[in-house]
S.K.: 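One structure is given below, represented as structure tokens, and several questions about it will come after.
Numbers restart at 1 for each chain; the letters A, B, ... are given by sequence-line order, proteins then strands. As a basis for the values below, the full set of heavy atoms in this structure was taken, side chains included, without hydrogen atoms, waters or symmetry mates.
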4 protein chains.
Amino acid sequence: MADEPEVAVARTHEDADSARALLERLHDPARVLALSDGVFAIIITLLVLEIHVPELTQGHSLNEALAEVRPSLTAFVISFVLAGMYWVGHRDLFALIRRTDRGLVWLNILYLLPLCLLPFAAGLLGRYDTEPVALRIYGLNLVAIAVMRVVIWLYATNRPHLLWQRLDDRQRRAGLALNLYPGLVYLLAFLVARTAPGVSLLIYAAMPLLYFASITVLRSGRTRNQEYADFT
Amino acid sequence: MADEPEVAVARTHEDADSARALLERLHDPARVLALSDGVFAIIITLLVLEIHVPELTQGHSLNEALAEVRPSLTAFVISFVLAGMYWVGHRDLFALIRRTDRGLVWLNILYLLPLCLLPFAAGLLGRYDTEPVALRIYGLNLVAIAVMRVVIWLYATNRPHLLWQRLDDRQRRAGLALNLYPGLVYLLAFLVARTAPGVSLLIYAAMPLLYFASITVLRSGRTRNQEYADFT
Amino acid sequence: MADEPEVAVARTHEDADSARALLERLHDPARVLALSDGVFAIIITLLVLEIHVPELTQGHSLNEALAEVRPSLTAFVISFVLAGMYWVGHRDLFALIRRTDRGLVWLNILYLLPLCLLPFAAGLLGRYDTEPVALRIYGLNLVAIAVMRVVIWLYATNRPHLLWQRLDDRQRRAGLALNLYPGLVYLLAFLVARTAPGVSLLIYAAMPLLYFASITVLRSGRTRNQEYADFT
Amino acid sequence: MADEPEVAVARTHEDADSARALLERLHDPARVLALSDGVFAIIITLLVLEIHVPELTQGHSLNEALAEVRPSLTAFVISFVLAGMYWVGHRDLFALIRRTDRGLVWLNILYLLPLCLLPFAAGLLGRYDTEPVALRIYGLNLVAIAVMRVVIWLYATNRPHLLWQRLDDRQRRAGLALNLYPGLVYLLAFLVARTAPGVSLLIYAAMPLLYFASITVLRSGRTRNQEYADFT
């Protein structure tokens with residue numbers, strides 16, 4: 001009537017095995033990366049849709065019309081390079097991550113949310129590149145992205161079972177600084193947008209350069225630590 | 001003239017082997033997941049296209065124009081989080097699925113159909129957020145998605161050869177409830193849209209919160225069952 | 001001064017090995033499938049962009065405006081299911097294919113070309129669903145897709161070294177018929193569009209049903225052959 | 001109190017191992033290819049968005065309206081085939097690449113930047129196909145893509161540790177020529193656009209044919225070298 005004890009044990013082991021296998025599949029980052037790469041690919045290509053083919057009307061040369069396109073093109077290039085930086089950062093972070101739990105999956109989705117708004121904010125900036133409100137919205141969008149990056153960094157690095165290898169405190173602080181740093185600069189650009197719109201636009205344009213420069217400084221100061229250098 | 005019997009047998013075995021290998025490739029879920037992740041990635045990014053950069057006309061400040069954008073932005077955030085929930089649900093379901101037969105492949109495509117309409121319904125809601133018809137169309141779209149989720153759940157869990165491991169009845173009922181539950185709430189939002197459009201909009205906005213809350217309740221009530229907790 | 005003969009031989013073997021490994025990577029279908037799945041995912045989601053959120057003008061109820069959307073929605077559903085059929089066919093074909101040579105890579109790109117025009121043709125049909133010219137352009141687009149499917153089928157099945165297993169003549173003819181059959185029906189819809197636009201539209205709408213019916217007939221007639229049944 | 005020496009050694013080895021494993025994950029080209037394939041898939045499908053469904057106004061037949069679409073369609077086909085060529089070239093290049101370092105990751109992103117502008121340039125060309133400025137912008141875009149291809153080729157082939165196998169000088173020169181050659185022709189098309197716009201358009205249209213012809217010539221001249229033939 002009842003199962004033999006050995007069979008019961010075997011069944012329990014099997015159940016435990018298949019439960020563990022299910023957990024592994026639920027924690028597999030593969031689809032999280034597929035969704036994220038898809039979103040990044042779409043965002044950097046959607047950015048171009050905000051560059052509208054100029055209309056040629058009476059006595060309006062194509063050359064002049066293209067001059068109107070210039071702000072859109074500038075917003076495109078800035079936003080493209082920023083999105084590239086975010087993708088490189090995402091790739092570097094997930095090179096550390098072995099498993100994704102439900103919290104990390106949702107934090108990643110909530111990170112993609114402000115990222116998906118980037119084409120809108122870039123379109124706004126491309127159209128009204130001297131308007132403080134456009135500059136402030138662009139800044140808010142970048143601050144929101146930076147906040148989510150910091151949250152994901154703290155969440156993941158606080159949970160060693162999600163990582164391939166535990167990070168030491170110096171590595172965690174360095175990664176935190178790298179994720180926090182741009183957010184603070186964007187916050188500054190947001191704050192000065194009303195009084196000095198030109199400075200604000202300059203910060204957005206210069207940010208990729210500042211970022212690369214800061215990475216170079218951080219790297220050269222810690223050449224002993226090869227792993228750290230590869231985060232940046 | 002004729003093949004030796006042994007050779008014939010060997011050929012048959014080989015044929016059987018290659019037929020089995022073909023079947024395995026035809027049942028491999030990899031491309032089903034690639035298509036689905038691509039569609040999800042595009043949908044959540046296309047949603048932003050419905051947020052139009054506002055036009056600045058005579059005596060119309062950018063700030064006022066942005067106030068017009070607010071309904072679009074609300075519709076974007078709601079739809080984004082809903083699409084995120086659907087993707088998480090899809091990922092959880094396919095963590096159970098080992099093979100996809102022709103029926104499951106087509107059910108998945110027919111699930112993606114109402115999902116692809118989400119940017120349209122969200123655009124409509126973002127533009128006419130107090131119009132009962134817009135609220136009802138949005139509700140119908142969400143009900144259609146919920147119906148397809150229930151159909152796929154029943155189809156897949158009724159076919160143990162498609163699964164990594166057979167689910168017991170309690171697990172099947174729990175999964176069914178989780179897929180059915182939001183559909184019923186959306187049906188309610190659809191039904192009250194004509195008489196109480198505000199309530200309808202509130203339901204759409206509150207749904208993600210309700211869903212997370214209900215999952216927490218379901219989880220805490222069944223902490224013994226680790227697997228079940230991971231479905232939710 | 002010169003290499004030892006053994007070393008020279010070893011180097012040659014190594015070179016041959018790495019040349020073979022390079023060939024394997026060049027013939028790997030992985031990226032062909034990644035590109036194709038991406039294109040399919042985008043096409044079925046872009047189709048929704050042709051359903052424009054209706055404008056509400058003076059004395060024009062939302063309900064009436066939505067009636068205008070109906071042709072777009074019909075064109076969306078027809079095109080979505082057609083694109084789904086093409087994707088399933090593509091997946092079935094590439095389940096047979098082990099290696100892709102340069103010819104197959106380019107034929108696949110030239111197959112994606114008319115496929116990418118589908119959102120345009122569907123948009124045209126959704127807007128002018130009683131205009132013979134719109135119906136004929138839609139038909140031409142579908143005929144072009146069918147022609148490319150036949151060409152790829154003949155190309156791949158004529159080159160056994162590209163396949164996991166050689167197909168026999170009956171299998172090749174059956175696959176050819178399945179790829180040719182819809183093309184001929186679309187050609188008919190194209191030809192009658194001028195004299196009987198209603199019939200033409202009906203054919204496009206009924207085609208998925210005809211296709212599923214024909215598959216069922218073909219399948220039931222050859223139940224002995226499990227492999228064949230799985231192609232359909 | 002302190003670790004045993006053996007444990008310390010083991011820990012160091014473990015650390016070295018996990019550092020090496022992290023480096024391998026950071027150098028894995030998988031996500032670079034996922035992002036690139038996504039971008040290519042989106043670009044070739046976005047190109048169709050520039051073909052606008054023509055408006056039917058008073059006394060304006062659909063047939064005439066479609067004649068207006070013809071330039072867009074021509075620009076679509078040219079740009080689609082060009083994008084196809086770029087994707088095939090990208091796939092061939094990355095069949096040689098085993099690891100991606102930070103430089104290569106960023107060069108690939110900066111290669112995707114002008115590529116993402118292709119739908120805009122194609123839209124411009126499709127609208128103003130006889131305007132020298134539109135032809136020149138299209139040419140500049142293609143020259144920028146060609147420059148990035150040459151830079152990536154030189155960067156990757158100069159770093160044997162990034163490759164599956166070291167290329168000899170003849171292979172490197174041949175690959176360089178294949179990447180440089182189209183860039184020079186596009187530069188010519190750009191230069192003659194002002195004086196002979198028809199010639200410029202003809203070059204863009206003929207380029208894919210020229211390219212295929214030149215590959216055939218290069219191939220037939222070096223049939224001894226199977227590997228080389230497969231690059232082209």
S.K.: Applying side-chain contact (heavy atoms from CB on, under 4.5 Å), run through A/I43 and B/V48 and close with a yes or a no.
M.R.: CA-CA 10 Å; A/I43 283 167; B/V48 83; over 6 Å; no
S.K.: At a 4.5 Å cut-off on heavy atoms, which part of B/L73 comes close to chain A: side chain, backbone, both, or neither?
M.R.: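 Contact with chain A involves the side chain of B/L73 alone.
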S.K.: Provide the closest heavy-atom pair for A/F120 versus B/H52 in the form atom of the first, atom of the second, distance.
M.R.: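 Reported closest heavy-atom pair: CE1-O, 3.9 Å.
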S.K.: Mind checking the CG-CG spacing from B/L46 to A/L46? Nearest 0.5 Å is all I need.
M.R.: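 Result: 6.5 Å between the selected atoms.
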S.K.: Tell me, side chain or backbone of A/I137 under 4.5 Å from chain B's heavy atoms, or both, or neither?
M.R.: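 Side chain only.
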S.K.: Side chain from CB out, backbone as N, CA, C, O: work out which of these in A/L113 comes under 4.5 Å of a heavy atom of chain B, or both, or neither.
M.R.: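 Both parts, heavy atoms under 4.5 Å.
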S.K.: Below 4.5 Å, heavy atoms only, C-beta onward: do A/I109 and B/V88 meet side chain to side chain?
M.R.: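 They are in side-chain contact.
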S.K.: Considering only heavy atoms, which portion of B/H90 lies under 4.5 Å from any heavy atom of chain A: side chain, backbone, both, or neither?
M.R.: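 Both the backbone and the side chain of B/H90 come within 4.5 Å of chain A.
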S.K.: Give the minimum heavy-atom separation between B/G84 and A/W106, together with the two atoms involved.
M.R.: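 Taking B/G84 first and A/W106 second, the nearest heavy atoms are C-CH2, 3.6 Å.
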S.K.: Which pair of heavy atoms, one from A/R25 and one from B/A95, lies closest together, and at what distance?
M.R.: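 A/R25 and B/A95 have their closest heavy atoms at NE-O, 2.6 Å.
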S.K.: Report which part of A/V39 has an atom under 4.5 Å of a heavy atom belonging to chain B: side chain, backbone, both, or neither.
M.R.: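 Both backbone and side chain of A/V39 come within 4.5 Å of chain B.
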S.K.: Can you tell me which portion of A/D101 sits under 4.5 Å from chain B's heavy atoms? Options are side chain, backbone, both or neither.
M.R.: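 Contact with chain B: none, neither part.
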S.K.: A/G38, A/C116, A/G123: which one forms the most heavy-atom pairs within less than 4.5 Å of chain B?
M.R.: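 Among the listed options, the one with the most contacts to chain B is A/C116.
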S.K.: Quick check on A/I42 against chain B: is it the side chain, the backbone, both or neither that has a heavy atom closer than 4.5 Å?
M.R.: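 Side chain of A/I42 only, per the 4.5 Å heavy-atom cut-off to chain B.
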S.K.: Looking at side-chain heavy atoms only, is the closest gap between B/R91 and A/L35 below 4.5 Å?
M.R.: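 B/R91 does not reach A/L35 side chain to side chain.
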S.K.: Please tell me if the side chains of A/D37 and B/D37 come closer than 4.5 Å, counting only heavy atoms from C-beta onward.
M.R.: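 They are not in side-chain contact.
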S.K.: To the nearest 0.5 Å, what is the distance between CG (A/L117) and CZ (B/F80)?
M.R.: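 Answer for the CG-CZ pair, A/L117 versus B/F80, is 8.0 Å.
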S.K.: Under 4.5 Å, counting heavy-atom pairs only, tell me which of B/W164, B/F76, B/F94 racks up the most with chain A.
M.R.: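 Most heavy-atom pairs within the cutoff with chain A belong to B/W164.
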